[in-house]
Amino acid sequence: MAEVHTVLGEQVRMPVEIRHADASSALFFADTAAARELLAPAGLEPVTVLGLAILSLAFVRYVDGDLGPYHEFAFSLMAKQPGRKDGTGAYIHWLPVNQSFTLEAGQSIWGFPKLMADIDITPVRGGQRCEVRVDGQLVIALRVLDGVPMPGGAGGASIDAYTWKNGVLRRTPWVMNPSRVRGMPGGVRVELGDHPVSRQLRALGLPRRALFASRIGSLAMTFEDATSVWPTREAR
């Protein structure tokens with residue numbers, strides 16, 4: 001029987017389905033010591049390539065889904081659980097949104113670090129730009145160019161999303177089915193404000209050239225229920 005959660009008086013049934021969204025994202029090399037510091041409270045370690053951590057920034061327009069329409073910005077690090085071969089995933093460090101229902105659902109069901117923000121996503125010449133402000137203060141503006149069409153169809157991809165809240169590490173299975181995908185090396189412009197999260201991004205080495213930028217014109221997703229990694233459900 002599917003798990004059902006009550007959020008602001010409404011029932012949310014697992015898995016949560018996103019039927020249509022569009023997204024822009026960028027991957028960067030990042031300072032490993034700074035990444036390790038951000039991951040340490042959750043007991044995770046950075047995944048490294050050539051001795052550098054991997055940072056992902058993305059913004060998403062959710063158009064049709066179980067949590068309603070909203071905008072979201074995601075700051076995540078590729079991470080792993082020490083000593084586990086199957087423990088690699090994306091650690092979601094900061095996840096502002098612009099609607100209250102998804103804020104409450106994200107926090108209460110999955111432990112996502114969602115907070116309210118002004119998230120302005122606009123088309124610009126050759127791409128999309130997202131500006132995120134918290135309490136009127138600029139945190140980040142990210143411009144991602146569209147790039148060129150990528151080969152292949154709308155094959156699915158699965159990754160675990162890690163979250164850390166109130167001393168509990170959670171893992172959420174996350175399946176993505178993208179189509180109309182475009183991409184290119186570089187293709188990104190980052191502007192940072194003076195917010196504490198802006199300073200964390202600077203410590204990681206931004207602004208810098210992106211490894212790769214991608215644009216997903218149509219994105220379907222499912223989010224399963226979260227499971228406690230540490231402490232285990234039994235230990236709690």
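A distance-only check finds no donor-acceptor pair linking the side chain of Arg170 to the backbone of Trp110 [under 3.5 Å]. For Tyr162 (side chain) and Gly87 (main-chain N/O), a donor-acceptor pair under 3.5 Å exists by modelled atom type. The backbone N or O of Ala33 sits less than 3.5 Å from a side-chain atom of Asp31, completing a donor-acceptor pair.
In the hydrophobic cluster analysis, where Ile, Leu, Val, Met, Phe, Trp and Tyr join through side-chain heavy atoms closer than 4.5 angstrom, Leu8 is grouped together with Met14. If you chain together hydrophobic residues whose side chains sit under 4.5 Å apart, Val139 and Leu77 fall into the same group. Hydrophobic clustering places Ile159 together with Val47 (ILVMFWY residues linked when any side-chain heavy atoms are closer than 4.5 Å, directly or through intermediates). Grouping the Ile, Leu, Val, Met, Phe, Trp and Tyr side chains by contacts below 4.5 angstrom, directly or via other members, places Val134 apart from Leu138. Residues Val144 and Leu192 share a hydrophobic cluster, clusters being chains of Ile/Leu/Val/Met/Phe/Trp/Tyr side chains in contact below 4.5 Å.
The pair Glu104-Lys114 fails the salt-bridge criterion, with no side-chain N (NZ, NE, NH1 or NH2) lying under 4.0 Å from an Asp/Glu carboxylate O. Under 4.0 Å is where a charged nitrogen must lie from a carboxylate oxygen, and between Arg84 and Glu45 no such pair does. The pair Arg19-Asp64 meets the salt-bridge criterion, with a side-chain N (NZ, NE, NH1 or NH2) lying under 4.0 Å from an Asp/Glu carboxylate O.
Checking His93 against Gln200 by side-chain atom types alone, a donor-acceptor pair falls below 3.5 Å. Between the side chains of Ser24 and Arg215, a donor-acceptor pair is found at a separation under 3.5 Å. Side-chain atoms of Gln99 and Tyr62 include no donor-acceptor pair closer than 3.5 Å. Side-chain contact, Ser214 with Ser25: a donor N or O sits under 3.5 Å from an acceptor N or O.
The closest side-chain heavy-atom distance from Pro185 to Arg209 is below 4.5 Å. You'll find the side chain of Ser218 reaches within 4.5 Å of the side chain of His20, heavy atoms only. Contact annotation: the side chain of Val132 never approaches that of Asp118 to less than 4.5 Å [non-hydrogen atoms, C-beta and beyond]. A 4.5 Å side-chain heavy-atom check between Trp164 and Val229 finds every atom pair outside the cut-off. Contact annotation: the side chain of Pro149 never approaches that of Val181 to less than 4.5 Å [non-hydrogen atoms, C-beta and beyond]. Contact of the Val190 side chain with the Ile140 side chain is registered, since non-hydrogen atoms from C-beta on lie closer than 4.5 Å. Residues Gln81 and Leu44 meet the side-chain proximity criterion, which asks for heavy atoms closer than 4.5 Å. A heavy-atom distance below 4.5 Å is found between the side chains of Ile119 and Pro96.
In this structure, the separation between CG on Leu169 and OH on Tyr91 is 8.5 Å, given to the nearest 0.5 Å. Remark: Cys130 SG to Glu72 CD distance equals 10.5 Å, nearest 0.5 Å. Here the straight-line distance linking atom CD1 of Ile18 with atom CE of Met176 works out to 12.5 Å at 0.5 Å rounding. Separating the CG atom in Leu201 from the CG atom in Leu55 is a distance of 6.5 Å, to the nearest 0.5 Å. Between Thr172 atom OG1 and Ile109 atom CD1 the span is 10.0 Å, to the nearest 0.5 Å. Rounding to the nearest 0.5 Å gives a distance of 11.0 Å between CG of Asn98 and CG of Leu115.
Nearest heavy-atom pair across Glu224 and Pro15 is OE1-CB, 3.7 Å. In this structure, Ala161 and Phe112 approach most closely via the heavy-atom pair CB-CE2, 4.3 Å. Smallest separation of non-hydrogen atoms from Leu95 and Ala74: CD1-CB, 3.6 Å. Minimum heavy-atom separation, Pro69 to Val63: CB-O, 3.9 Å. Among all heavy-atom pairs drawn from Pro46 and Leu39, the shortest one is N-CD1, 3.3 Å. Summarising the geometry of Gly51 relative to Thr32, their closest heavy-atom pair is O-OG1, 2.8 Å, with the distance given to 0.1 Å.
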**Request:** Report the C-alpha separation of Arg171 and Asp160 in whole Å, then their side-chain angles, then the decisive distance to 0.1 Å, and conclude whether the salt bridge (Lys or Arg N to Asp or Glu O under 4.0 Å) test is met.
**Result:** CA-CA 6 Å; Arg171 182 172 59 196; Asp160 286 342; 3.8 Å; yes

**Request:** Let me see the working for Glu3 and Arg13 under side-chain contact (heavy atoms from CB on, under 4.5 Å), right down to the final yes or no.
**Result:** CA-CA 6 Å; Glu3 185 77 20; Arg13 188 175 300 273; over 6 Å; no

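Within a 6.0 Å sphere centred on CZ of Arg189, other residues, nucleotides and ligands contribute 12 heavy atoms or fewer. Counting heavy-atom neighbours within 6.0 Å of Asp86 CG, excluding the residue itself, gives a total above 12.
Relative orientation of the Phe73 and Phe59 rings is parallel, given thresholds of 30° and 60° on the angle between their planes. Phe75 and Trp94 have perpendicular rings, their planes meeting at more than 60° on a 0 to 90° scale where under 30° would count as parallel.
Asp120 pairs by the salt bridge (charged side-chain N to carboxylate O under 4.0 Å, His left out) definition with nothing, not counting sequence neighbours.
Each of Gln128, Arg180, Arg61 was scored for a side-chain hydrogen bond (donor to acceptor under 3.5 Å, both in side chains) with Asp22, with one residue passing: Arg61. Applying side-chain contact (heavy atoms from CB on, under 4.5 Å) to Phe28 and the options Leu211, Leu52, Val188 leaves one that passes, Val188.
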